[in-house]
Amino acid sequence: MIDELHSGSVQQGGSESRPIPLISITGLLKEAFRSALSQKVSSITILIIAGAMCITTLLTVGQSAAAETRIEKQLQSAGSRQLTITDTAKMQVISALTVQVLANSTGIERVLGLATPQDASMVSMAGSGPKVPAWEVRGQLSAGVSLVRGRWPRVGEAIISRSSQARLGLDQPLGSFETTDGARFPIVGSFVARAPFDDFEAGAVIAADATQPLTSLHVVIGAFSDPSAVEQLALSILAAPDPTGLAVRSPASLADLQNKIGGELGQYGRGLLLLVLGAGAALTAMVVLADVLLHRKDIGRRRALGAPRWIITALLLVRAVVPASVGSAAGAMVAGLILSRSGSAPPVLFFLAVVALTIFAAGGATVVPAVIAAFQDPVRVLRTA
């Protein structure tokens with residue numbers, strides 16, 4: 001098929017010289033496809049190796065990548081970014097003013113100050129009905145709940161969660177309830193809790209007045225802020241006379257742990273990926289080298305007919321890449337079906353990257369055998385073949 005790869009000649013001294021190559025990409029591809037189909041054993045072997053590389057990579061490294069993605073999402077969730085400071089010594093350093101100052105500080109997404117929750121029951125039931133916890137809160141209530149019916153409460157008013165509304169047997173978020181200390185609060189709406197304030201879903205939220213002593217401060221740190229810096233800022237604003245009287249639950253240690261786990265998973269995944277691709281590339285190189293040695297006569301004939309070395313190299317490369325592409329695509333589809341059932345499938349881009357790396361590894365493994373074949377002496381090969 002050398003005629004499809006090049007054609008043309010020149011006259012030198014009245015005699016015709018050997019053909020001058022005129023590059024034909026179409027001819028090269030046709031010959032590579034034809035050669036791949038004719039040499040079924042090596043083509044099927046490369047196809048199986050590429051498919052196995054793809055499946056192994058996606059089922060191992062792919063699951064590690066999916067786990068790393070889940071850890072990163074958890075790290076960015078509001079629950080993993082919550083700083084809680086509790087005034088265990090009752091120093092009354094958490095006030096409406098500190099909540100407002102922190103809410104306007106850089107690096108802070110949301111802030112709420114909470115009083116100790118109390119049990120509350122509907123006044124219409126004379127205190128004998130079911131009880132729900134009620135929190136008196138300072139700050140923007142929208143930071144902790146989403147209003148679904150009624151209106152936002154004013155100071156001394158309350159809103160109740162939808163689940164608590166059903167528990168108390170209320171068709172509408174109306175009426176009033178009484179806390180254990182005898183205070184009564186009218187209900188003006190219902191809500192659903194926002195993360196990380198899921199505890200609110202169990203009861204009611206009261207808009208506290210500025211004089212209400214608060215026992216805990218809840219700060220949702222910005223997604224790209226330094227938890228340690230925000231913690232130091234909050235403690236400096238509170239300026240507690242006895243810092244040991246404050247119980248701090250910081251997301252900094254959790255963030256460090258999650259980053260460490262994510263880093264170890266990433267390192268494990270990269271090492272495993274290199275191992276799988278390296279093993280697959282080595283097997284592919286051995287298959288191509290065996291194929292080259294088996295078809296030395298055919299390669300020598302092409303060289304004797306004037307095919308340049310780069311065409312021989314390119315022919316062998318394309319001949320290996322074609323079955324590798326088919327095998328990696330099939331392997332990716334099989335692995336995708338398996339992972340979709342387990343619910344731990346990595347992103348689509350990861351699938352595409354693995355397919356591309358598999359094809360690249362197969363092509364790279366073919367280079368050395370292809371160069372060896374291209375630099376063989378055609379006269380010697382044909383003489384000994």
Side-chain angles (χ1 to χ4, degrees), residues 77-121 131-145 153 155-159 161 177-185 193-222 225-258:
S77 67
S80 298
R81 295 183 282 115
Q82 181 180 198
L83 168 67
T84 303
I85 302 176
T86 305
D87 185 4
T88 56
K90 299 182 179 179
M91 297 177 289
Q92 297 187 0
V93 293
I94 304 174
S95 63
L97 180 60
T98 56
V99 172
Q100 183 179 356
V101 171
L102 279 170
N104 295 325
S105 300
T106 304
I108 294 177
E109 185 178 298
R110 292 176 277 156
V111 181
L112 283 180
L114 276 62
T116 302
Q118 301 182 65
D119 286 337
S121 58
K131 292 180 171 57
V132 296
W135 289 267
E136 293 194 60
V137 179
R138 287 296 301 178
Q140 291 289 334
L141 293 183
S142 58
V145 300
V155 173
E157 295 178 337
I159 51 177
S161 69
F177 60 77
E178 183 177 1
T179 59
T180 52
D181 62 359
R184 294 187 177 186
F185 303 93
R194 293 180 59 189
F197 302 100
D198 302 305
D199 290 346
F200 289 163
E201 198 64 37
V205 170
I206 303 166
D209 60 38
T211 61
Q212 173 65 39
L214 305 175
T215 56
S216 62
L217 183 69
H218 300 261
V219 180
V220 179
I221 301 171
S225 300
D226 181 9
S228 299
V230 174
E231 179 183 340
Q232 293 300 320
L233 173 64
L235 292 175
S236 64
I237 291 175
L238 292 178
D242 181 13
T244 60
L246 297 177
V248 181
R249 188 175 65 188
S250 173
S253 56
L254 177 61
D256 292 340
L257 177 61
Q258 289 177 319

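With hydrogens and angles ignored, the 3.5 Å screen pairs a side-chain donor or acceptor of Arg194 with a backbone N or O of Ser142. At least one donor-acceptor pair under 3.5 Å links the side chain of Ser161 to the backbone N or O of Gly203.
The two residues Ala134 and Ile206 make their nearest non-hydrogen contact at CB-CD1, 4.0 Å. Scanning both residues, Ala143 and Arg110, for their nearest heavy atoms gives O-NH1, 2.6 Å. The minimum heavy-atom distance between Val220 and Pro196, with the atom names listed, is CG2-CD, 3.8 Å. Counting all heavy atoms, side chain and backbone alike, Leu246 lies closest to Ala240 at CD1-CB, 3.6 Å. Annotation for Ala207 and Leu141: closest pair CB-CD1, 4.5 Å, computed over non-hydrogen atoms. Nearest heavy atom pair, residue Ala115 against residue Thr215, reads C-OG1, 3.6 Å.
A distance of 9.0 Å separates OG1 in Thr180 from NZ in Lys131, rounded to the nearest 0.5 Å. Atom-to-atom distance recorded for Gln100:CD and Gln140:CD is 9.5 Å, nearest 0.5 angstrom. The CG atom of Leu83 lies 7.5 Å from the CG atom of Leu235; values are rounded to the nearest 0.5 Å. The CD1 atom of Ile237 lies 12.0 Å from the CD atom of Gln232; values are rounded to the nearest 0.5 Å. To the nearest 0.5 Å, atom CD of residue Glu109 and atom CD1 of residue Ile221 are 10.0 Å apart. The NE2 atom of His218 sits 8.0 Å away from the CD1 atom of Ile94 when rounded to the nearest 0.5 Å.
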Show your reasoning for whether side-chain contact (heavy atoms from CB on, under 4.5 Å) applies to Val132 and Phe177. CA-CA 10 Å; Val132 296; Phe177 60 77; over 6 Å; no

Run the side-chain contact (heavy atoms from CB on, under 4.5 Å) check on Phe200 and Leu114 step by step: do they pass? CA-CA 11 Å; Phe200 289 163; Leu114 276 62; 3.8 Å; yes

Before you tell me yes or no, could you show the steps for Phe197 and Gln82 under side-chain contact (heavy atoms from CB on, under 4.5 Å), namely the whole-Å CA-CA distance, both residues' side-chain angles and the distance that decides it to 0.1 Å? CA-CA 10 Å; Phe197 302 100; Gln82 181 180 198; 4.1 Å; yes

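Under the side-chain contact (heavy atoms from CB on, under 4.5 Å) rule, Leu238 has a single partner from Asp87, Thr98, Leu233, which is Thr98.
By the 6.0 Å contact criterion, CD on Glu201 is enclosed, its count of non-hydrogen atoms from other residues, nucleotides or ligands being greater than 12.
Listed by chain and residue number, Arg138, Ala210 satisfy the side chain to side chain contact (heavy atoms under 4.5 Å, CB included) test with Ala96 (two or more places apart in sequence, or in another chain). Applying the side chain to side chain contact (heavy atoms under 4.5 Å, CB included) test to Thr86 and every residue at least two apart in sequence or in another chain returns Thr84, Thr88, Ser216, Ala247.
The shortest distance between side-chain heavy atoms of Ser105 and Val111 does not fall below 4.5 Å.
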